[in-house]
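All values reported here derive from a predicted model rather than from experimental measurement.
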Amino acid sequence: MAELQSPVIKYGKIRTMKDDIEDIKNGTLKINEIDFQKIRKLQEILKKANEENLRRIQKEKEEEAKKKEEEMKRIEEEKKRKQQEEGEKEENTEKGQEEERKKREEEERLKKEIEELKKQKEEEAKKKEEEMKKIEEERKRKQEEEEKEEKPKRELEKLNYEKQKLKDERLSLEKELNNLKNQERPLEENKNQLLKEIEEINKNFEILLEKEKTLEEKKSLIEEKEKRATTSKEKREIEQERWQIEKEMEEIEEKRWPWDEKIIEINNKIKEIDTSLSNIKDKKNSITEKINQILEREDEINLQIEKINLTLEFQNIIKERKKKEEEKISLIKKTNELSQKLNEVVEEENIIEKEYELIEEEEKITKDISERRKIEEERKKIAQRRREIEKERWPIEESLEKNEIEIKKNEIEVQKLLERASIILDKIKEIDKKLGIETEETNESQEIKKEQDEIKQRLEEKENENEPNISDISFKF
């Protein structure tokens, strides 16, 4: 595995803070080459350096102005002294006038130099101030771009953390739900077994119950017969018969009692099982509801993650689109330069062609052999020049054709990028709809669709004409 290059040691050279500051000024240092804390530190150092430069420039301006003022004062004093001396001597000779003229010229020259120096210093200070302002603006722009790129990444990290946390919680609840189902299964099996036991007991009771029912019917008939008895003897006989039936019924009841108690015992067990099953069902419903809530949130997070990933992809497409635009501008510039050069060559070629035609006409009408030979020599020279300029034209035409192919290729690649960008925006809109977010069609989306149509139209026109028209190319994105 290749060894990772340290941002401190790069290309075999130990980087210093001074190097980083210089790279930031030149715009060659990429933000991801140093960590965030170092960027902040460099920004503070750069800001401090800017302030120190401004203070130094201001101080230089003040010192220069002071020097100029002192020089002007010295010149004025010298002038007064000379005037005083001249007044005392009362000399107005030609030599004195010449010296006075030279002094005035010297004063004017010094004054002009001072003004130019002052203007130069002010321009330099203004230029440095503008440069520092540009550096600061570039730093802010890069910082804003970095924050814009880092924000969705931080949000993505936060959502992935929440997603994992929810997944762990859901798996724990699903495990708990499975445990409840495992507890529920033997309880239901036990209940079914107890119900089967009651069914078996009821089957065994059918004979006794049938016999008991028969005895109850006989007893009812005897009791009716007893009510209609008229003699004591008849009544005693009926009562004795009733006693016998009651005795048989008591025997049957005594046989049934323990089974009744068994059924009561089984029903009590079933009630206990039903209570446990009800509690388990309530827990299952509660856990299922929580799981459904987690699943809903997981679906929402997945949509948000998909949206962020699409947004990041869209940002990369925008960067690639800008890169393609720069390439296209460069190609167009080169094409225009080649076209201009080709026009110059063709113009020169046309002139030579006319010269050649003229000399051919002259050759036809010339009768003198000596003169004719001179014309032929001149025609050869012109023909040679024509061949040379034709050779000069060929590579220019080839380069133009190559550039036109590259521009067309560039537009096709841009069209693919725009198609992908349009698909991404539609997907983001669809995700927003699922998330319950109301979105309107953005200017960016409208511009992309508009440029798609324009590029498509231009490509179709070029296909029909088979000749790209460079002047029709424009940039919208």
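- Between R109 and E106, at least one side-chain N (NZ, or NE/NH1/NH2) sits under 4.0 Å from a carboxylate O, which counts as a salt bridge.
- Using a 4.5 Å cut-off on side-chain heavy atoms (C-beta onward), E174 and L171 make contact.
- Of the inter-residue distances, the one linking I424 atom CD1 with K429 atom NZ reads 16.0 Å to the nearest 0.5 angstrom.
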Residues E136, R139; criterion salt bridge (charged side-chain N to carboxylate O under 4.0 Å, His left out); working and verdict:
CA-CA 5 Å; E136 182 65 18; R139 182 191 66 78; 2.4 Å; yes
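- Between the CZ atom of R297 and the NZ atom of K163 there is a distance of 11.5 Å, given to the nearest 0.5 Å.
- Residues L166 and E162 have side chains in contact (heavy-atom distance under 4.5 Å, counting atoms from C-beta outward).
- When atom types are taken as modelled, the side chain of T288 and the backbone of K284 share a donor-acceptor pair closer than 3.5 angstrom.
- The NZ atom of K181 sits 10.5 Å away from the CD1 atom of I287 when rounded to the nearest 0.5 Å.
- Panel note: side chain S330, backbone E326; no donor-acceptor pair is recorded below 3.5 Å.
- If you take CH2 on W394 and OG on S399, they are separated by 14.5 Å, rounding to the nearest 0.5 Å.
- For the pair E362/E378, no side-chain contact is recorded, criterion being any heavy-atom separation below 4.5 Å from C-beta on.
- In terms of modelled atom types and a separation under 3.5 Å, the side chain of S172 and the main chain of D168 share no donor-acceptor contact.
- Salt bridge present: R385 and E355 bring a charged side-chain N and a carboxylate O closer than 4.0 Å.
- Within the 4.5 Å cutoff, the side chain of R379 has heavy atoms near those of the E376 side chain.
- Between E313 and R420, at least one side-chain N (NZ, or NE/NH1/NH2) sits under 4.0 Å from a carboxylate O, which counts as a salt bridge.
- Using a cut-off of 4.0 Å between Lys/Arg side-chain N and Asp/Glu carboxylate O, E404 and K408 are scored as not salt-bridged.
- The shortest distance between side-chain heavy atoms of L342 and L338 does not fall below 4.5 Å.
- Between atom CD1 of residue I291 and atom CD of residue E169 there is a gap of 9.5 Å, rounded to the nearest 0.5 Å.
- Residues K324 and E411 are not paired through a salt bridge, judged by the lack of any N-O separation under 4.0 Å between the basic side chain and the carboxylate.
- Between E320 and L417, the closest heavy-atom pair is CG-CD1, 3.6 Å.
- Put simply, the side chain of E300 reaches to within 4.5 Å of the side chain of Q304, judged on heavy atoms.
- Judged by distance alone, with hydrogens and angles left aside, the side-chain atoms of S286 form no donor-acceptor pair with the main-chain N or O of D282 at under 3.5 Å.
- Checked for salt-bridge contact, E298 and R170 meet the test: a charged N lies under 4.0 Å from a carboxylate O.
- Applying the 6.0 Å contact sphere to CZ of R373 captures no more than 12 heavy atoms from other residues, nucleotides or ligands.
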Working for side-chain contact (heavy atoms from CB on, under 4.5 Å), residues I437 and K433
CA-CA 6 Å; I437 301 172; K433 188 177 179 181; over 6 Å; no
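- Counting heavy-atom neighbours within 6.0 Å of E337 CD, excluding the residue itself, gives a total above 12.
- Within a 6.0 Å radius of CD in E137, other residues, nucleotides and ligands contribute more than 12 heavy atoms.
- Contact detail for P152 and L312: the closest heavy-atom pair is CG-CD2, 3.7 Å.
- Ion pairing between E115 and K112 fails under the 4.0 Å rule for side-chain N and carboxylate O.
- Between E349 and R393, at least one side-chain nitrogen of the basic residue sits less than 4.0 Å from a carboxylate oxygen of the acidic one, meeting the salt-bridge criterion.
- Looking at heavy atoms from C-beta onward, L310 lies in side-chain contact with E306 at the 4.5 angstrom threshold.
- A salt bridge is defined here as a Lys NZ or Arg NE, NH1 or NH2 lying under 4.0 Å from an Asp or Glu carboxylate O, and D299 with K434 fails to meet this definition.
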Run the side-chain contact (heavy atoms from CB on, under 4.5 Å) check on I280 and L187 step by step: do they pass?
CA-CA 10 Å; I280 289 172; L187 289 172; 3.6 Å; yes
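- Ion pair K119/E116 not flagged as a salt bridge, since none of the NZ, NE, NH1 or NH2 atoms sits closer than 4.0 Å to an Asp/Glu carboxylate oxygen.
- With sequence neighbours excluded, the residues forming a side-chain hydrogen bond (donor to acceptor under 3.5 Å, both in side chains) with Q384 are R387, E388, listed by chain and number.
- A salt bridge does not link E108 with K111: every distance from a Lys NZ or Arg NE/NH1/NH2 to an Asp or Glu carboxylate oxygen is 4.0 Å or more.
- For the residue pair S339 and L400, the shortest heavy atom distance occurs at OG-CD2, 3.6 Å.
- From L303, atom CG reaches atom CD1 of I428 across 12.5 Å, with rounding to the nearest 0.5 Å.
- Residues satisfying the side-chain hydrogen bond (donor to acceptor under 3.5 Å, both in side chains) criterion with N410, sequence neighbours excluded, are absent altogether.
- Using a cutoff of 4.0 Å between basic side-chain nitrogens and carboxylate oxygens, K283 and E176 are not scored as salt-bridged.
- Contact of the D432 side chain with the K307 side chain is registered, since non-hydrogen atoms from C-beta on lie closer than 4.5 Å.
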